Amino acid sequence: NERTRGFDHPETALGYGNLALFSHCYGHNRQALRYMHRGHYLLRLATGADHPDIAALFINTAMMYLDLRQVKLALTYLHDALRIDKDLLGED
């Protein structure tokens with residue numbers, strides 16, 4: 001996707017998120033987190049920092065960290081996702 005659509009296209013970033021989830025399912029956790037962080041970076045370039053898809057990637061990243069028993073790091077990502085969602089949707 002990076003070659004065909006460019007690194008700054010949202011679908012490229014979401015493709016990295018999908019690769020991360022598949023890698024995580026197969027136990028390749030270190031590679032999965034690399035893919036996920038690359039997806040975060042590219043999606044921020046494409047959409048800005050407060051996009052709903054960034055919140056979704058944060059939630060997926062948090063679930064990966066929970067599986068790895070890194071609860072504090074997972075909570076950080078969940079709080080960031082919640083902040084984005086509240087900013088976009090309001091408190092209610």
Side-chain angles (χ1 to χ4, degrees):
N1 251 354
E2 228 174 287
R3 288 184 192 167
T4 57
R5 295 193 183 266
F7 69 91
D8 58 347
H9 195 282
E11 285 184 24
T12 300
L14 295 175
Y16 275 103
N18 290 334
L19 278 171
L21 293 174
F22 281 112
S23 296
H24 181 71
C25 286
Y26 284 104
H28 304 284
N29 297 317
R30 188 170 281 188
Q31 185 63 44
L33 289 170
R34 280 190 209 118
Y35 285 141
M36 191 60 81
H37 291 296
R38 178 78 175 158
H40 289 177
Y41 174 74
L42 294 177
L43 193 58
R44 263 190 237 114
L45 288 177
T47 66
D50 291 331
H51 192 274
D53 287 340
I54 293 206
L57 284 181
F58 281 167
I59 292 167
N60 289 337
T61 305
M63 296 303 107
M64 286 183 189
Y65 280 120
L66 279 176
D67 283 348
L68 298 172
R69 305 209 189 289
Q70 294 185 25
V71 176
K72 286 183 181 180
L73 200 48
L75 284 173
T76 300
Y77 280 97
L78 288 173
H79 284 294
D80 288 344
L82 180 61
R83 180 195 51 78
I84 291 169
D85 286 342
K86 279 184 177 180
D87 287 349
L88 293 171
L89 303 173
E91 291 289 325
D92 297 334

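Below, each value reflects all heavy atoms present in this structure, side chains not excepted, and no hydrogens, waters or symmetry copies. What you are looking at is a predicted structure, and each value in this text was computed from that prediction instead of being measured.
- The OG1 atom of Thr47 sits 10.5 Å away from the CG atom of Leu42 when rounded to the nearest 0.5 Å.
- Under the 3.5 Å distance criterion, the side-chain polar atoms of Thr12 are left unmatched by any main-chain donor or acceptor of Phe7.
- If you take NZ on Lys86 and CZ on Arg83, they are separated by 11.0 Å, rounding to the nearest 0.5 Å.
- Residues satisfying the side-chain contact (heavy atoms from CB on, under 4.5 Å) criterion with His79, sequence neighbours excluded, are Leu75.
- Cluster note: Phe58 groups with Leu14, Leu21, Leu33, Met36, Leu43, Ile54, Leu57, Met64, Tyr65, Leu68, Leu73, Tyr77, Ile84, Leu88, Leu89 through ILVMFWY side-chain heavy atoms spaced under 4.5 Å, whether in direct contact or through intervening members.
- Under a hydrophobic clustering in which Ile, Leu, Val, Met, Phe, Trp and Tyr are joined whenever their side-chain heavy atoms come within less than 4.5 Å, directly or via other members, Tyr35 and Phe22 fall into different clusters.
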Side chain to side chain contact (heavy atoms under 4.5 Å, CB included) between Leu66 and Val71, intermediate numbers included | CA-CA 5 Å; Leu66 279 176; Val71 176; 4.2 Å; yes
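- Scored by the side-chain hydrogen bond (donor to acceptor under 3.5 Å, both in side chains) test, Asp53 finds no partners at all (sequence neighbours excluded).
- Heavy atoms only, all atoms of each residue included: Ala81 and Ala55 are closest at CB-O, 3.6 Å.
- Ring pair His40/His37 is perpendicular by interplanar angle, where above 60° counts as perpendicular and below 30° as parallel.
- Scanning all heavy atoms of the two residues, the minimum distance from Gly39 to Ala13 falls at O-CB, 3.5 Å.
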